[in-house]
Structures are given as structure tokens and as C-alpha cells.
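To start, the structure under review is shown below, and the notes come after it.
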Amino acid sequence: MPHPLLANLTAAQREAVTHVDGPLLIIAGPGSGKTRVVTHRVAYLLQEGVPASQVLAMTFTNKAADEMKARLETLAPGKRVWASTFHKFCARLLRMNARMLGLDENYTIYDTDDSLRVIRRLLKEHGEDSGYTSPEQVARQISNAKNRMEGPHHYRPRYGDATAAVVQRLYPKYQEALLAANAADFDDLLLHVANMLHKNEDLRAQLDARYRYILVDEYQDTNLAQYLIVRALSNDYPNLAVTGDPDQSIYGWRGANLKNILEFEKDYPDVKVVRLEQNYRSTQRICRVADALIANNFRRKKKTLFTENAAGAPPRLVRYCDQRDEADTIAGEIAAQIHAGRRRPRDFAVFYRINALSRTMENGLRMMGVPYQVVSGVEFWKRKEIKDTLAYVQLVNNDKDDNALLRVINTPPRGIGAKTVERIAAHARRERKTLLAACREAGMIQGLSNRAAVSVAKFVSLFDKLREHAAGPVKPLLRRIVEASGLRAALTKDESPEGQDRLANVEELITSAGEFDAQHPEDGGLEAFLEETALVNDVDDWEEETDKVTLMTLHAAKGLEFPCVYIIAIEQGIFPVQRSQDRDEDIEEERRLLFVGITRAEEELTLCHARLRDFRGSRRVAVASPFLLELPREEMERIGMGETPGDGYAIDYEADFTEPPPGPPGQSPTRQRDRDGNPTRRRGTAAFPLTVKTAAELLSEKGGPSADPPELTTFTVGGRVKHPEYGVGEVLALTGIGPKRLARVRFDGGVEKKFILSHSALRPV
DNA sequence: TGTGAGTTGATTTTT
DNA sequence: TCAACTCACA
């Protein structure tokens with residue numbers, strides 16, 4: 001009898017779903033139905049008699065966790081499987097065992113902003129704010145160290161620079177400060193739990209036995225701490241199923257280690273490996289473009305995307321004059337499609353490498369009257385007014401939280417200035433007390449004016465009053481905070497639109513507290529509320545249901561899909577981003593990021609770049625990203641290329657591209673008209689001479705970017721090449737970009753050599 | 001102590 | 001460009 005859960009599954013999918021015991025590695029290409037497979041597998045496990053309480057599913061984002069829960073609810077109604085993010089899982093575990101690490105159960109979770117504030121303060125306190133390094137740098141390095149599981153006293157500087165020296169001195173102080181404030185930063189959540197499991201075998205064994213079936217999503221994004229946690233929980237019961245795609249690893253910058261997935265088979269020799277390579281999402285052409293791009297990466301598991309979907313329209317590669325042209329044209333196209341009834345707003349997504357690029361696009365869409373939503377990582381929860389309000393809650397929940405106290409003690413202004421705070425802090429240090437305890441003794445602190453002491457005393461009594469409501473539901477507490485602290489009064493006073501926005505945001509926070517209360521009827525949900533607010537982000541708030549065009553970064557786009565995708569500003573210095581142009585690993589990660597973006601598209605894909613871009617306040621000549629050269633020309637439709645041949649400054653990337661047919665450029669009139677029905681290309685061309693001058697000026701000032709040799713375009717991995725000295729061979733790998741582009745070649749004699757393309761006599765055959 | 005103008009400096013991605 | 005931070009002044 002065919003199993004209902006297995007209906008409509010391919011052989012490979014079925015293999016993964018029905019695997020019960022032992023390690024399992026699912027290499028799942030984009031659009032391969034991975035989520036479906038994973039959820040079906042959990043349902044299958046449950047049907048096979050595995051108790052739901054023994055199953056633990058770990059994800060990276062709340063969205064992924066929620067989706068998994070929702071799908072499971074339909075597949076296996078009523079079964080409660082623990083699906084959560086790594087950070088949430090660790091936060092809970094830490095909550096239960098906080099004492100082990102010298103924390104209290106009510107510890108506060110510091111987000112990056114909070115920890116940065118602590119670091120700033122410490123740098124000042126210890127006279128390390130010399131300007132040789134920045135707080136951000138120090139924060140980064142501490143975070144990286146934690147991701148590598150290096151504790152404060154095991155920090156191994158990776159660079160011999162000033163920052164590393166400062167970090168070495170400051171990291172222990174930072175950790176002490178966190179401990180004293182009864183706080184843990186994001187990285188600590190993982191680090192502490194990994195350590196805890198390492199040091200406490202009883203606890204490890206107990207949890208290992210409890211979570212017998214563990215699933216990890218996006219395994220390619222795990223860092224060392226996460227890796228150790230997963231391993232520790234899958235020792236006695238190695239029923240560990242990980243899914244991932246090395247080609248979609250885009251979080252190396254925050255410690256994700258590609259080795260974790262590449263070497264999974266070494267960690268668990270008797271692993272079962274299932275490859276899901278068939279793509280159900282995108283057209284053939286989109287798949288081929290994605291495939292060709294990612295083939296340029298060297299550090300990967302070879303895998304071919306294929307699909308049985310229709311060939312589809314050729315992905316478009318479009319060059320615009322400047323970013324306004326880009327934004328207006330795209331907005332115009334989208335508007336036209338919607339008006340023609342061919343598409344709905346929600347069918348479209350626009351991706352970009354960095355948030356700052358969204359603005360022009362927003363303007364374009366707004367002018368066209370196209371509804372859109374921007375998914376941005378810093379919209380709501382990092383706003384000052386929200387963080388201020390939450391800092392009160394944090395302090396109420398954890399009176400050791402010095403950082404929160406510093407944030408709220410004079411917000412809104414209540415006559416406790418910097419000098420006063422400094423004196424209180426000095427007193428606290430002397431007496432080894434928390435800032436709040438020091439505040440209680442304000443009257444006894446010498447050097448503190450009477451007036452200041454009174455203000456501080458008032459603040460303390462405000463706090464005490466607020467704390468009376470700590471045990472109840474969250475919403476009334478928030479209301480009280482906003483009223484009694486004077487936050488509302490201060491915000492109401494500000495009649496500017498921004499001020500009104502802030503007030504509205506605080507109201508929204510209160511509303512969401514109400515929702516939280518409704519979901520958590522039991523008392524004492526304060527910790528849980530703070531935990532939730534600390535571990536969410538705006539991407540989680542993205543509304544799939546609303547009928548709007550989605551604007552988001554490529555990172556946020558992972559896991560999503562849209563019928564029509566635009567990726568804008570694919571230009572040197574932006575994508576790949578400037579500082580990753582040196583290291584091959586970084587470039588490969590950027591390439592994967594583009595791969596992720598491309599593979600979000602179901603039917604239509606448009607890759608965009610402009611010749612001029614206003615960025616960081618100034619206008620620059622923009623050069624097409626080298627990635628664009630790696631795309632298969634024969635699969636693509638190129639628009640806006642080469643209409644001004646020999647204009648002297650534009651990088652001749654199109655030298656190898658077949659020239660578009662003569663006549664006015666803009667090959668698909670229906671798509672290339674703006675709201676007035678004029679071909680946008682013409683408007684753009686008319687505007688262009690004006691900007692050329694600027695560009696030329698800029699160039700003469702800065703010397704201009706150097707053109708890459710045209711032969712860059714003609715090397716492909718697997719392609720045949722010829723060298724005057726070594727003869728004929730095959731390209732094994734291409735790495736690097738621009739003048740540093742490197743080819744690894746195996747000659748037919750068996751000899752392997754590396755060549756810097758810009759300097760070698762190597763030629764394609 | 002609080003405010004506002006002026007300056008600076010930094011700009012990736014996120015739990 | 002824009003936000004955060006500094007510094008001078010009320």
C-alpha cells in the first residue's frame with residue numbers, strides 16, 4: 001500500500017523521507033523541495049512511532065522555524081515538535097542552566113547594538129580609545145573569536161594589528177562586564193552552551209538522549225560553536241539529519257564554516273547521502289545561468305541543477321545609464337505588467353547587495369504608484385525609541401543590567417547628566433556594586449550635587465514603582481513604563497513627522513506586547529518576551545500575504561521565491577562588495593550570494609547594472625561586476641549594451657558580446673516603456689551626455705578603473721586552453737577577479753600549473 | 001544640564 | 001548621504 005506521505009515524491013526525496021535511524025546528509029539545491037522533504041520526514045518519523053518530544057529541528061531564522069511548524073501542523077496535526085532557531089534553543093538551555101556559567105536565570109540578551117555600547121564604554125574607561133581602532137572593529141573581532149570558540153583568555157589574534165592588541169586586552173574585560181551585568185551577547189548564547197555541553201558530560205548525555213532525532217537546516221551556515229553543539233547532541237544517538245547546500249553558504253563573514261558540511265561525511269562515516277538536484281522552481285534558462293555562474297567556484301561539491309520545467313524566457317542582462325534610470329525603468333516595467341493584468345505586485349522582488357541601494361528603487365516604485373514593502377534588518381527593533389523602551393523592561397527584569405541603566409537613566413532627560421553618571425559609575429566600581437545599587441546610595445556619593453542626588457533618587461523610585469509590575473503581563477508594564485518614565489510625554493512633544501513616527505512605533509511595541517500576553521497567558525512572561533524581542537528581526541515580519549512588491553537584500557532573500565526577480569547594482573565595488581575583492585574565499589561567497597539571488601526567480605530574471613551610480617553621496621563611474629562575465633551569453637538577452645561604442649571610458653566588457661542589432665537600442669519595446677509610453681531607453685540616452693561629462697571628469701581625477709583584458713571572458717572551467725610552453729590542457733578552476741584572476745590548468749601531460757591570466761600566455765583553444 | 005549646530009566619519013550581510 | 005558624535009553656548 002503506498003504510503004500517503006510518500007505520494008508525489010521522487011525517488012531521491014523518498015529516500016530521504018524514509019530514512020529513520022543514523023546520520024543523513026541531504027544536499028539540496030535551490031528549489032529542490034527541501035523543506036517539503038524535511039517536513040515529510042519528520043511526519044514520517046512520527047508515524048513510525050518516534051515520540052514528538054524526541055525530535056528537535058534547528059533553523060537559523062525564525063521564519064524557517066515557523067514555516068516548519070506550520071507545515072508540520074498540517075502533516076501531523078497536534079504533534080508538538082520542537083522547531084526553533086539555534087539562538088533560541090541555546091537561550092532556553094542557558095536559561096535552565098545559567099548558574100553553571102555564573103549567570104542568573106533572568107539574564108539579559110545583548111544584541112550587537114548593546115554589546116557595541118558596552119565596548120565603547122570599556123574602551124573609554126581603559127583609555128584604549130586612542131583612535132588606532134574602532135569600537136566596531138573590536139566588536140567584530142570579539143564576535144569572530146567567539147564564533148571560533150576562543151574564550152577571553154584563549155584569544156588568538158589573527159592579525160598583528162592595533163585592533164588585535166586592543167582586543168586581547170579588552171576581551172576579558174568585556175566578558176567580565178557581561179557577567180557582572182548578568183548578560184550574554186548573541187555569540188555567548190552559542191559559546192556558553194557549547195562549553196556547557198563540553199564540560200558537563202551528564203548534561204550532554206541527558207540532552208543527547210532526550211533529543212534523539214535532530215534536524216539541522218541550512219547546515220552550510222553553521223559556525224564552529226553550532227557545529228559543536230550539534231555534535232554533542234548527536235553522539236550517543238547519531239540520528240542527525242542535516243540539510244544544506246554548500247553553494248548557498250552566505251554567512252562566512254559571521255563565522256559559518258563551509259567545512260562543516262563539506263566534511264560531514266568524515267564526521268559520520270556511515271552517513272547516508274541524498275542529493276536533491278532537480279529544481280522545481282525555476283525555468284531551464286534560469287537554472288542554466290545559475291549553474292554556469294556557480295561553476296566558477298572552486299570550493300564546492302560539484303552538482304548540476306536541472307529541471308523539467310519549461311525553457312522559459314531568457315534572463316535579461318540590462319545596463320542602465322544611472323541608478324535613476326535603473327529604478328524608473330524597473331518600476332515602469334512592473335507597473336506595466338500589473339496594469340496589463342499579467343502580474344500582481346507580489347509576484348515581483350527586487351534584490352540588492354546593500355540596504356543603502358533600496359532608496360532610489362523605492363522612489364521609482366512610489367512614483368509609479370506600485371505598492372511595495374522593504375524588508376530591512378534594522379527597521380523596527382533597532383530603533384532608538386524601541387530600544388529605549390525595552391531597556392526599561394530589561395532593567396526591570398534584570399537589575400544588574402548596567403548597560404540598560406545607562407541607556408535609560410537620562411532618557412528622557414531628567415537632569416542626570418554625564419558628570420553625574422560618571423560619578424555614580426566611579427562609586428559603583430569602588431564599591432563593586434551594580435550601577436543601580438550605586439544609584440540607591442546617591443546621597444552618599446561625594447562630589448554629587450544635591451540636585452543631582454535628588455534626581456537620581458527620583459529615578460530609583462521610578463524604577464521601584466515599575467518593578468512592582470514585573471510579575472504581571474507585559475503590556476501593562478510597558479504602558480506604565482512609557483507613561484511614568486516620561487517617554488510618551490517627550491515623544492508627544494515632538495510634533496515633527498519623525499517624532500510622530502516614533503510615538504507610533506512605541507504604540508506598536510505595546511500592541512505587540514499585548515499579542516505576546518495573549519499567547520503566553522501564564523504570568524512571568526517577561527523573560528520570554530525579552531528573549532523574543534532580542535531574537536527577532538524584521539525579515540521575520542515580512543508579510544508574504546500582502547500584495548506588494550518586495551524589496552530586500554540578497555541575504556534576506558534566501559529561502560524565498562518569486563515569479564519575477566530583479567537584482568540591481570551588480571557592479572564592481574558593490575557586488576562583490578569592495579572589501580571582499582582580495583580574498584578568493586570572499587569572492588566565492590559573493591558569487592554564492594548572486595547564485596542565491598538568481599535561483600529565487602521562478603520565471604523571469606533581470607540582472608541589472610548602471611554606468612553611473614550615486615553612492616555614498618558622490619557620483620561614480622560604475623563598472624559591471626566581473627560576475628556578469630561569467631554568465632552564459634547564449635542564454636541571456638542583453639539590453640542597453642554597446643549603444644555608445646567606443647565612448648572611451650566605459651569598460652569594454654561587451655567586447656566579446658555579440659553586438660545588438662543596429663538601430664535604437666531597447667530590444668523589447670513592450671518592456672522598455674516608461675509611464676508616458678516613451679521608450680525609457682531614449683529618455684536615458686538623452687540624459688546620458690549630461691552625465692558623461694561628470695564621469696569623464698571623475699575619471700581624469702581618479703585615473704579611472706583599469707580595463708580587464710578581454711580574454712577574461714573566454715576562459716571557462718572545463719574549457720580547453722593552450723600554452724606555448726606546456727601545450728594543451730584543461731582549466732580545472734578559475735579564481736580571483738580582475739588582474740588577479742587565476743586559472744588552475746591540468747595539461748594533457750598530467751602537469752598542473754597556475755596562471756595569472758593577465759600576465760600569462762595562456763589562451764583558450 | 002540641555003540643546004542645537006556643526007563636524008566627522010562610516011558605510012555588508014544577521015541571530 | 002546620513003547618522004552619530006562633539007562642542008559651544010544658553
Side-chain angles (χ1 to χ4, degrees), chain A residues 58-65 84-91 109-117 120 124 129 131 134-137 140 143 146-147 184-191 218 221-223 225-226 249-256 323 351-360 375-379 381-384 410-421 449 451-452 455 490 498 531-540 552-558 569 573-581 586 589-590 592-594 596-597 613-620:
Chain A
M58 303 260 234
T59 64
F60 276 82
T61 64
N62 296 298
K63 190 151 59 70
S84 100
T85 65
F86 268 101
H87 289 266
K88 198 174 236 170
F89 173 79
C90 290
I109 298 171
Y110 279 4
D111 65 15
T112 33
D113 188 60
D114 296 322
S115 59
L116 194 60
R117 289 171 78 99
R120 276 213 187 94
K124 249 181 222 155
D129 54 345
S134 67
E136 287 81 9
Q137 292 263 338
R140 273 307 294 286
S143 169
K146 287 183 175 180
N147 288 153
D185 66 23
F186 279 152
D187 304 311
D188 280 343
L189 295 179
L190 305 174
L191 179 84
E218 309 281 12
D221 287 336
T222 49
N223 61 31
Q226 287 159 330
S249 163
I250 54 175
Y251 287 107
W253 52 275
R254 67 180 221 221
Q323 86 269 32
F351 303 148
Y352 32 82
R353 179 63 182 81
I354 47 184
N355 278 121
L357 291 166
S358 73
R359 183 151 308 154
T360 331
V375 181
S376 152
V378 289
E379 275 295 292
W381 296 101
K382 278 195 174 163
R383 295 209 164 154
K384 184 175 181 302
N410 202 31
T411 316
R414 50 172 74 91
I416 308 176
K419 269 265 140 51
T420 306
V421 171
S449 71
R451 204 174 71 182
S455 301
E498 296 83 28
E531 186 179 298
E532 203 158 295
T533 54
L535 298 177
V536 294
N537 69 72
D538 281 23
V539 180
D540 300 327
M552 53 169 59
T553 65
L554 285 142
H555 281 87
K558 188 155 85 162
I574 293 178
F575 197 0
V577 89
Q578 196 80 51
R579 55 214 272 192
S580 50
Q581 291 195 352
D586 293 343
E589 179 150 316
E590 296 281 311
R592 290 194 291 268
L593 194 53
L594 183 54
V596 166
R613 188 167 299 273
D614 295 321
F615 190 54
R616 294 186 200 158
S618 64
R619 167 158 286 200
R620 309 262 180 103

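Quick caveat, the model's predicted, so the values are computed rather than measured. Just so it is clear: chains get the letters A, B, ... in the order the sequence lines come, proteins before strands, and each one is counted from 1.
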**Report entry** Span of DNA chain C in contact with chain A (heavy atoms, under 4.0 Å)
**Finding:** dT1(C) to dC5(C)
Requested in this report: Supply the atom-to-atom distance Leu189(A) CG to Gln226(A) CD, rounded to the nearest 0.5 angstrom.
Outcome: 10.5 Å
Report task. Return the set of residues passing ring-ring contact (aromatic ring centres under 6.0 Å, His included) with Phe615(A) (not counting sequence neighbours), or none when no residue passes. Result -> none
Report task. Could you check whether Arg592(A) gets within reach of a base, just the sugar-phosphate, or nothing at all, counting any heavy atom under 4.0 Å? Result -> nothing
Report task. Report the residue (Arg451(A) or Ala534(A)) whose heavy-atom-nearest nucleotide on DNA chain B is the more 5′ of the two. Result -> Arg451(A)
Requested in this report: Would you mind reading off the distance between Ile354(A) atom CD1 and dA10(B) atom C1', rounded to a whole angstrom?
Outcome: 12 Å
Query - d(NZ, Lys558(A); C1', dT15(B)) in whole Å - result: 13 Å
Query raised in the report: Does Thr553(A) place a side-chain N or O at less than 4.0 Å from the phosphate oxygens OP1/OP2 of dT14(B)?
Result: yes
Requested in this report: Take the protein atom CE of Met58(A) and the nucleotide atom P of dT15(B), then report the distance between them rounded to whole Å.
Outcome: 16 Å
Requested in this report: Taking salt bridge (charged side-chain N to carboxylate O under 4.0 Å, His left out) as the test, write out the residues that go with Arg592(A), two or more places apart.
Outcome: Glu589(A)
**Report entry** Derivation of the side-chain contact (heavy atoms from CB on, under 4.5 Å) call for Glu136(A) and Arg120(A)
**Finding:** CA-CA 9 Å; Glu136(A) 287 81 9; Arg120(A) 276 213 187 94; 3.1 Å; yes
Report task. Go through the structure and list residues passing side-chain contact (heavy atoms from CB on, under 4.5 Å) with Ala65(A), not counting sequence neighbours. Result -> Thr59(A)
**Report entry** Proximal nucleotide (of dT15(B), dG2(B), dT13(B)) relative to the Leu535(A) side chain
**Finding:** dT15(B)
**Report entry** Closest-nucleotide ordering on DNA chain B, the 5'-leading residue of Ala452(A) and His87(A)
**Finding:** Ala452(A)
Report summary line: Of the listed dT14(B), dT1(B), dT12(B), the closest approach to the Glu590(A) side chain comes from dT12(B)
Query raised in the report: If you check every side-chain atom of His555(A), which of dT13(B), dG2(B), dT11(B) has the closest atom?
Result: dT13(B)
Query raised in the report: What's the CG-P distance between Leu594(A) and dT13(B), to the nearest Å?
Result: 17 Å
Report summary line: Rounded to whole Å, the CG-C1' distance (Leu189(A) to dT15(B)) equals 8 Å
Report task. Select base, sugar-phosphate, or nothing to describe what Lys88(A) touches, counting heavy atoms under 4.0 Å on all strands. Result -> nothing
Requested in this report: For Tyr352(A), enumerate each residue passing the ring-ring contact (aromatic ring centres under 6.0 Å, His included) test, keeping only those at least two apart in sequence or located in another chain.
Outcome: none
Query raised in the report: Just how far, in rounded Å, is C1' of dT11(B) from CZ of Arg359(A)?
Result: 12 Å
Requested in this report: Give the rounded distance in Å between these two atoms: CZ of Arg254(A) and C1' of dT13(B).
Outcome: 9 Å
Query - With Asp111(A) via side-chain contact (heavy atoms from CB on, under 4.5 Å) - residues at least two apart - result: Asp113(A), Asp114(A), Phe186(A), Lys387(A)
Query raised in the report: For dT11(B), does OP1 or OP2 lie under 4.0 Å from any side-chain N or O of Asn355(A)?
Result: no
**Report entry** Atom pair distance, as rounded to whole Å: CG in Asp111(A) and C1' in dT15(B)
**Finding:** 10 Å
**Report entry** N or O in side chain of Thr420(A) less than 4.0 angstrom from dT1(B) OP1/OP2
**Finding:** yes
Query raised in the report: Under 4.0 angstrom, heavy atoms only, what part of the nucleic acid is Phe615(A) near: base, sugar-phosphate, or nothing?
Result: nothing
Report task. Could you tell me whether the side chain of Trp253(A) has a donor or acceptor atom within less than 3.5 Å of a complementary atom in the base of dT12(B)? Result -> no
**Report entry** dT12(B) versus dC5(C) - spacing of their C1' atoms, nearest Å
**Finding:** 23 Å
Query raised in the report: What does Phe86(A) touch in the nucleic acid at a heavy-atom separation under 4.0 angstrom: a base, only the sugar-phosphate, or nothing?
Result: nothing
Query raised in the report: Checking all strands, does Asp614(A) fall into the base, sugar-phosphate, or nothing category for heavy-atom contacts under 4.0 angstrom?
Result: nothing
Report summary line: Taken to the nearest 0.5 Å, the spacing of Phe575(A) CZ from Leu594(A) CG works out to 4.5 Å
